[in-house]
Structure formats: structure tokens, C-alpha cells
J.: 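Quick one: the structure is below, and I'll ask about it shortly.
We name chains A, B, ... by the order of the sequence lines, and we start the count at 1 in each one. If you're wondering where the values come from, they're calculated on a predicted model, not measured in any experiment.
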Number of protein chains: 2
Amino acid sequence: MSKRAANNNLKKRAMTAAPDSPPTLEMVAKEAGVSIATVSRIINGTAKVSPERKDAVEAAIAKLNFRPNAAARGLALGKSNTIGVITQAIDSPFYGEGLRGIEDYLQQRGYTALFMSGNWDEQDEERCMSELLSRRVDGIIIFSGRLQDRQLAQYAKQVPLVVTARNLKAPGIFSLPVDDERGGMLATQHLIGLGHRRIAFIAGILDHPDASLRYKGYRRALAEAGIPHDPKLVVPGDFHEEGGVEATRRLLASGHKFTALFCVNDQSAYGACLALYRAGLNCPRDVSVVGFDDLHSSSYRVPPLTTVRQSIRVLGESSGAAMLQLLQGEQPNISLPQVQLVVRESTAAPQPD
Amino acid sequence: MSKRAANNNLKKRAMTAAPDSPPTLEMVAKEAGVSIATVSRIINGTAKVSPERKDAVEAAIAKLNFRPNAAARGLALGKSNTIGVITQAIDSPFYGEGLRGIEDYLQQRGYTALFMSGNWDEQDEERCMSELLSRRVDGIIIFSGRLQDRQLAQYAKQVPLVVTARNLKAPGIFSLPVDDERGGMLATQHLIGLGHRRIAFIAGILDHPDASLRYKGYRRALAEAGIPHDPKLVVPGDFHEEGGVEATRRLLASGHKFTALFCVNDQSAYGACLALYRAGLNCPRDVSVVGFDDLHSSSYRVPPLTTVRQSIRVLGESSGAAMLQLLQGEQPNISLPQVQLVVRESTAAPQPD
DNA sequence: CCGTAATTTGTAAGCGCTTACATCCGGTGT
DNA sequence: ACACCGGATGTAAGCGCTTACAAATTACGG
């Protein structure tokens with residue numbers, strides 16, 4: 001309350017070189033010689049105000065460098081104009097692109113995105129949820145989260161939710177599924193089309209839905225081409241570069257021959273390429289490599305990486321759009337562009353033996 | 001106000017499957033049969049409360065799934081427990097790592113980071129500032145921003161500021177300078193040590209302080225080794241991969257011979273490597289390449305990139321630490337670990353002619 | 001068993017804003 | 001000239017919380 005706040009300011013002012021408490025509506029009103037209601041109306045354009053008063057108020061605002069207090073406004077309005085966003089790690093290139101899409105979209109429409117990293121940990125993710133709920137964000141976008149569908153449905157009772165890479169129907173939730181299976185097929189078919197028969201797969205974390213769908217697409221393409229699926233050629237990774245390195249190393253060590261490598265995501269593919277290089281193998285001459293995601297930097301790899309593009313950026317924008325529709329009370333009618341194969345230079349026909 | 005808010009809720013409830021308005025302190029108090037002051041005291045641990053009431057209140061909180069409204073609390077307390085962070089682009093790997101450091105540090109200490117992207121645009125950056133100020137964040141970290149020192153000093157009157165990659169002294173501001181010049185020297189000396197004499201430099205955006213300091217280090221190393229500085233070997237880039245590609249292409253096309261390439265940052269180096277590859281040149285055999293930043297993915301390039309490490313992650317953490325000290329009213333006493341050269345495989349001795 | 005001090009608890013004001021409702025103004029129509 | 005109307009302003013309540021201060025309760029010594 002006021003004593004404390006004032007106190008605080010005093011302290012701050014004394015100790016750091018910090019702020020006078022910022023101007024309030026009331027100060028502006030006094031300065032301009034009108035009531036605070038009038039000022040509020042001018043700021044929000046919620047009612048007609050005579051030009052002279054308007055000028056006076058605008059002058060006062062400029063003079064005092066007034067900025068409305070978002071917390072107070074939020075309290076009065078019962079909304080924060082903020083959308084919470086939960087991801088696993090803000091420093092992953094994958095999430096980075098998605099967040100950028102979300103931020104861009106929302107910001108242009110007067111919303112602010114509040115990002116939180118779940119750090120690949122379910123508990124941590126719950127902590128984020130809790131924090132966002134406490135801040136009374138108007139909605140939450142879960143960008144590739146780990147929370148169970150059950151929990152999500154629970155949270156959806158408290159706040160509108162948009163979740164990516166899921167396919168669940170529940171009131172208050174909109175989910176944006178990515179066609180991972182088709183992507184997996186596309187990648188594998190490309191390899192098969194080049195003449196590869198022994199195609200290894202570097203998987204992600206086992207129970208992750210993205211990973212398993214991509215894996216499914218891989219098997220399906222194999223089956224359709226009449227190529228038997230050899231489980232020995234499937235090794236787990238971790239969605240990161242290091243997992244790709246490890247997996248490839250293991251694959252190589254196992255002695256099971258393969259001429260191509262489909263990786264669950266681009267980062268794994270980066271790792272795979274490095275491991276191949278270390279083993280003295282050339283990509284694509286000795287082993288073709290395909291990734292998934294088409295990260296920005298994939299086109300700048302040496303050689304540029306063949307991959308499956310799902311435009312994470314667009315995925316982010318679409319989540320933002322869906323959220324805003326949800327907030328309007330509409331049922332979102334967003335759909336994603338289809339995944340597509342981007343053929344670059346990390347794939348080639350296998351060497352004749 | 002209340003009519004509106006209630007109204008709103010009604011609407012929401014009808015149209016989406018959305019929330020009843022969340023429980024308030026008052027509801028908890030009623031449920032537990034105590035006053036709201038008591039509830040508040042229990043939540044914040046600000047005063048002793050008898051065990052039985054405490055139990056009753058805690059039960060009520062759990063039952064209602066109560067979470068304090070951060071906006072209301074912020075309003076009452078005059079602080080938001082939020083630190084605003086301005087960067088250029090949340091999807092850049094460079095900023096991503098920094099933000100991660102900041103987020104990690106702050107979150108563990110009860111603060112939330114609010115990220116905003118300035119999109120490499122000064123005006124946009126001002127918009128971010130404005131937004132953050134409006135939200136009454138407790139402090140703002142400017143992670144490699146473009147705002148002029150003058151403007152910064154101005155803003156610092158309103159809110160404590162931590163800025164990275166600057167060296168300015170002003171009340172209410174703490175700056176964390178990075179030793180770019182030393183880094184530039186290290187990189188260049190390494191190349192010289194390997195026997196290179198014709199070392200090109202891919203610069204960043206011209207007036208960017210980071211870029212010019214690195215350039216200065218480059219020239220100094222050259223000078224100290226008695227190698228004349230050839231301006232023909234210096235070409236501008238843009239801190240991104242594409243700029244590296246372009247710059248290298250131009251360098252190659254110019255016909256000026258060089259055996260090594262020092263790039264203003266890792267992303268430029270990625271681009272350079274690709275351009276070299278496209279030109280049929282091998283790195284490091286034909287041209288050695290050194291970057292700057294040591295992005296996570298640099299160690300997974302093929303070949304792994306030799307670069308100058310300044311741990312952006314640590315830079316982020318340090319900014320967070322400095323901010324918290326500033327908030328305590330202390331003069332921050334943070335210093336960064338020294339930049340250091342990380343020799344990997346993109347550099348080698350030049351080919352004998 | 002009572003007075004008094006040391007708790008624990010409740011009451012109410014105030015943080016800065018929005019907006020319903022009351023008030024006040026000049027302009028119509030008759 | 002007067003009742004009436006519509007639009008511009010002002011007044012004040014309330015958003016959910018913290019906390020100073022008052023009130024109520026407890027504990028204790030004499």
C-alpha cells in the first residue's frame with residue numbers, strides 16, 4: 001500500500017540513482033485542469049472530448065511523460081493483453097523461430113507475449129503454467145509441451161489454450177497438429193527414390209509424439225516400397241546435436257551397413273554429419289543425410305542440408321492467430337501449410353558397391 | 001471496472017468454454033472463515049498466524065485453486081517482480097543463448113523475464129522500451145541494443161538499466177562491456193601464428209560497436225606482427241549467414257588473394273564456409289576460417305569452427321545478476337570471464353604455394 | 001482474580017485505472 | 001420564454017491486493 005510504496009521509492013531514490021515514482025492519471029488530470037475520467041477517455045478514445053481539452057491533456061501527457069500503468073489497467077479491465085507462451089528452451093533454434101512467429105503476430109495486434117522455458121521438464125512446465133495463471137494472462141500457447149492431455153484439459157478450464165503438435169479436442173483448447181507422419185514419409189521416399197535401401201533412422205526421445213509420428217512415416221514409406229524394416233537401423237537420439245553424434249557413432253560401431261540417414265530433426269542431423277565426418281565418411285557421397293524442421297541455419301550447412309520443412313515460424317504465427325480467435329470466442333479455423341521436402345545437397349544416390 | 005469485467009466473463013463463458021473468473025483473496029477468506037488480511041499474511045508469511053487458521057486457509061486455497069493476482073499485487077506493492085529484456089531478435093542463436101542465461105538466473109530468484117525483440121530497428125526498440133515502462137517492470141536489461149547512449153541515460157532516470165556490450169557510465173545504468181578488441185586480436189594472432197599473412201576480415205554492420213572493436217583487434221594484431229593492413233581484404237557483412245556468404249563471394253570475386261578469413265561472428269563464418277564450399281574451396285585446407293561468439297552449434301559444424309568464446313550464456317546470467325544488485329541499491333560488481341580462443345578444425349597452416 | 005502488555009486478528013484505505021451514472025451545458029421546438 | 005434533449009464532463013465505485021492501525025484476544029505477574 002501507499003506507505004510502503006512511497007517508502008520504497010524514497011529508498012530507491014536514495015540508493016540507486018533511480019526513479020521518482022512515475023506520473024499517474026491524476027497528475028496528468030491536474031496538470032491539464034480536467035478530471036481523470038476525461039484523461040482516461042482521451043487515452044483510450046472511448047468518448048468524444050472537446051478539442052481544447054484534448055490538446056491540453058495531450059500536452060500534459062507529453063510534458064509529464066506519462067504512460068498508463070498496465071497493471072492498474074489490467075486490474076480494472078480484468079485482462080492483461082498478454083499471452084503466455086511455454087516452450088522447452090528459449091535458446092533452441094527450433095523454439096526460437098516459433099517464438100519469433102508468435103511474438104510478431106501478437107505484437108502487431110496489441111498483445112504482448114510472455115515467454116517461459118519449461119526446460120524439458122514436466123514439473124518445470126507446471127511451474128510456468130502456475131506463474132502465467134498468476135499473472136492472469138489472457139491465454140496460453142503451449143509450443144510443443146510435455147504436459148499430459150489430461151492436465152491440459154484441466155488448465156483449459158481456467159484459461160484458453162492453444163497447443164502445437166498435438167491433436168486433442170477439448171473445450172477451451174485448440175490444437176495445431178503438424179503432419180509429422182507425412183514428413184517422415186516424404187523424407188524416406190526421397191531417399192528411396194535416390195536408390196537407397198538401407199536407411200537408418202535417428203529417433204528423438206522415445207515417447208515424444210513428434211518423434212514417433214516421424215518414425216511411423218519412415219516405416220510406412222519403407223513398407224510401401226517393399227523394403228523390410230530393420231530395427232537395428234533405428235537408434236535413439238535426444239533432438240539435440242549431441243544425440244545425433246552419439247547415435248551415428250553407435251550405428252557406425254554396430255557394423256550394420258547403411259547408405260542413408262533420416263534424422264528426427266535438423267539438430268540431430270547436424271550431429272550425424274559431424275560424426276560421419278569424424279569417421280572419415282563424406283556426406284552425401286558415402287552417406288546421405290536428411291533432417292526435419294528446416295531450421296534457418298540448415299541451408300548454410302556444408303553441405304546444405306536436405307530436410308523436411310514445416311515452417312516453425314508459420315507454426316508460431318498460426319498459434320498466435322488461433323489464440324486471438326479463441327479470445328474472440330470463435331472456434332479457430334487455422335490450418336498449417338503442408339510439410340514439404342526441401343532437397344539440398346546432403347543427399348545423393350548411393351555409391352555403387 | 002466490475003460491470004464490464006463481469007460482463008466480459010459472462011460473454012466468455014457463453015462463447016468459448018472459458019473460465020469462471022478466478023478466485024480472489026476474498027473468496028478464500030470467506031471459505032476459510034477469516035479476514036482477507038489473514039489470508040494475505042499467510043500467503044506472504046508476513047506475520048504469525050495461529051496454526052488452525054493457517055490450516056483452514058491453506059485448505060481453502062487448495063480447494064479453490066487460488067492464485068494471487070499478480071497485477072493486483074503489483075499495483076499494491078508498486079513493483080512487478082518482472083525484468084524487461086530487449087534484444088534484437090529472439091530467434092537468433094546468439095540472443096537465444098543470452099536470453100536463456102538471463103531467464104535462468106532471474107527465475108531462480110523469483111523474477112520473471114519479459115522478452116521483447118527490437119528487430120534491429122531503433123524505433124522498434126523504443127516501442128519496446130515504452131511497452132516495458134508501461135508495464136512497470138522493475139528494471140530493463142538491454143541485451144546488445146542499438147539505442148544511443150544519450151537515450152539510455154534518459155531512460156535510466158525512469159528505470160534501472162543494465163546494458164551489455166557497452167561501456168558507459170551514467171547514474172542508474174550498469175554496463176557490461178565485452179572485450180571485443182582482445183577477442184579480435186586473439187583470433188587474428190592465432191591465424192598469424194599458423195603462418196597466414198593475407199587475412200581477410202568480414203565485418204558486421206558498420207557502426208555497430210561490437211563490430212568495430214573486433215575490427216580494431218584485428219588491425220592491432222596485424223600491426224603488432226608487422227603485417228600491413230590491406231583495406232581491400234575487409235568487407236562488410238550483416239552479422240547473419242547471408243552477409244557472410246555475400247562478403248566471401250565478393251572477396252573471392254575481387255581477386256585479392258587471402259588464405260584466412262576472420263569473421264565478425266559465427267553466423268557470418270557459417271555463411272563464409274558455405275561460399276567457400278560453393279567456390280570449390282576447402283576449409284581449412286584452402287582457407288582458414290575463424291568466427292566469434294562460439295555459438296552452441298559451432299562445435300557441430302563440419303569442420304567444427306575455430307572461434308572466440310565469450311559465453312553469451314554467462315553474459316546473460318551476469319546481466320541478470322547485475323540487475324538484481326542494482327535493484328538492491330548496490331553498485332554491481334560483476335565482471336565477465338575473459339574471452340578466449342577456441343581452436344577447432346576450421347583453421348590450419350596455409351598451403352605452401 | 002484483575003490490570004496490563006504482548007500477541008493475533010480485523011477493518012479500511014489506498015495502489016492507478018475504467019466506466020456507470022449523475023451533472024451540467026447549450027441548442028431545439030413550440 | 002420554457003421544457004426538453006443530447007452531448008461533454010465530473011464523481012465515485014470497484015478491480016484484488018497489502019498493510020497501517022484499531023480492536024480483540026491471550027498471557028502473565030502481582
J.: For Asn81(A) and dT18(C), what is the distance between atoms CG and P respectively, to the nearest whole Å?
T.: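 Value for this atom pair: 12 Å.
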
J.: Under 4.0 Å from OP1 or OP2 of dC15(C): is there any side-chain N or O of Thr24(A) that close?
T.: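 No, no such contact exists.
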
J.: Using the side-chain contact (heavy atoms from CB on, under 4.5 Å) definition, which of the options Leu161(B), Leu326(B), Ile141(B), Thr164(B) pairs with Phe174(B)?
T.: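 One option only clears the test, and that one is Leu326(B).
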
J.: Can a side chain N or O of Arg41(B) be found less than 4.0 Å away from OP1 or OP2 on dT19(D)?
T.: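 No, because none of the side-chain N or O atoms of Arg41(B) sits under 4.0 Å from OP1 or OP2 of dT19(D).
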
J.: Mind calculating the distance between CD (Glu26(A)) and C1' (dC15(C)) to the nearest angstrom?
T.: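 Interatomic distance, CD of Glu26(A) to C1' of dC15(C): 11 Å.
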
J.: Is the Phe143(B) ring parallel, tilted or perpendicular to the Phe94(B) ring (thresholds 30°, 60°)?
T.: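 Judged by the thresholds at 30° and 60°, the geometry between Phe143(B) and Phe94(B) is tilted.
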
J.: Asn69(A) side chain N/O closer than 4.0 Å to the phosphate oxygens (OP1, OP2) of dC15(C)?
T.: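 No, because none of the side-chain N or O atoms of Asn69(A) sits under 4.0 Å from OP1 or OP2 of dC15(C).
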
J.: From C-beta outward on Arg73(A), which listed nucleotide comes closest to its side chain: dG10(C), dC17(D), dT18(C)?
T.: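 Nearest to the side-chain atoms of Arg73(A), counting from C-beta on, is dT18(C).
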
J.: Which nucleotide in the set dC15(C), dG14(D), dA20(D) lies at the smallest distance from any side-chain heavy atom of Ala76(A)?
T.: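 Selected nucleotide (nearest to the side chain): dG14(D).
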
J.: Looking only at side-chain atoms of Asn44(A), point me to the closest of dT18(C), dT18(D), dT19(C).
T.: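 From the listed options, dT18(C) comes nearest.
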
J.: Distance alone, cut at 3.5 Å: any donor-acceptor contact between the side chains of Asn81(B) and Arg109(B)?
T.: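 Absent: no donor and acceptor within the cut-off.
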
J.: Could you go through the side chain to side chain donor-acceptor pair (under 3.5 Å) check for Arg135(A) and Thr112(B) one step at a time?
T.: CA-CA 10 Å; Arg135(A) 290 189 176 251; Thr112(B) 298; 3.2 Å; yes

J.: Val49(B) and Val57(B): side chain to side chain contact (heavy atoms under 4.5 Å, CB included), yes or no, with the steps?
T.: CA-CA 10 Å; Val49(B) 173; Val57(B) 169; over 6 Å; no

J.: Given atom NZ of Lys54(B) and atom P of dT9(C), what is their separation to the nearest angstrom?
T.: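 These atoms are roughly 12 Å apart.
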
J.: Within less than 4.0 Å of OP1 or OP2 of dG10(D), is there a side-chain N or O belonging to Arg53(A)?
T.: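 Yes, because at least one side-chain N or O of Arg53(A) sits under 4.0 Å from OP1 or OP2 of dG10(D).
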
J.: How do Ala47(B) and Ala72(B) order along DNA chain C: which one's closest nucleotide is nearer the 5' end?
T.: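 Closest to the 5' end, via its nearest nucleotide, is Ala47(B).
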
J.: Would you say Ser40(A) places a side-chain N or O within less than 4.0 Å of OP1 or OP2 belonging to dT19(C)?
T.: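 No, Ser40(A) has no side-chain N/O under 4.0 Å of OP1/OP2 on dT19(C).
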
J.: If you check the Leu77(A) side chain, which of dG10(D), dT19(C), dT18(D) turns out closest?
T.: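 When the side chain of Leu77(A) is considered, dT19(C) is the closest of dG10(D), dT19(C), dT18(D).
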
J.: If you compare every side-chain N and O of Ser50(B) against the phosphate oxygens of dT9(C) (OP1, OP2), does one of them come in below 4.0 Å?
T.: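 It does, given that an N or O in the side chain of Ser50(B) lies less than 4.0 Å from OP1 or OP2 of dT9(C).
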
J.: Of the options dT18(C), dT19(D), dG16(D), whose atoms approach the side-chain atoms of Ala37(B) most closely?
T.: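 When the side chain of Ala37(B) is considered, dT19(D) is the closest of dT18(C), dT19(D), dG16(D).
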
J.: For the pair made of CG in Leu25(A) and P in dG14(D), what is the distance, rounded to whole Å?
T.: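 From Leu25(A) CG to dG14(D) P: 19 Å.
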
J.: Over how many whole Å does the gap from Ile36(A) atom CD1 to dA13(D) atom P extend?
T.: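 Distance, rounded to whole Å: 12 Å.
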
J.: Within this structure, what is the CZ-to-P distance between Arg136(B) and dC17(D), rounded to whole angstrom?
T.: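 Value for this atom pair: 21 Å.
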
J.: Looking at Arg127(A) and Asp121(A), is any side-chain nitrogen of the basic one under 4.0 Å from a carboxylate oxygen of the acidic one?
T.: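 Answer for the salt bridge query: no.
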
J.: The side chain of Val49(B) lies closest to which of these nucleotides: dT11(D), dT9(C), dT18(C)?
T.: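 When the side chain of Val49(B) is considered, dT9(C) is the closest of dT11(D), dT9(C), dT18(C).
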
J.: What is the separation between atom CD on Glu52(B) and atom C1' on dT26(D), rounded to the nearest whole Å?
T.: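 Rounded to whole Å, this separation is 12 Å.
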
J.: For Ile43(A) and dG16(C), give me the distance from atom CD1 to atom C1', rounded to whole Å.
T.: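 So the CD1-C1' distance, Ile43(A) to dG16(C), works out to 11 Å.
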
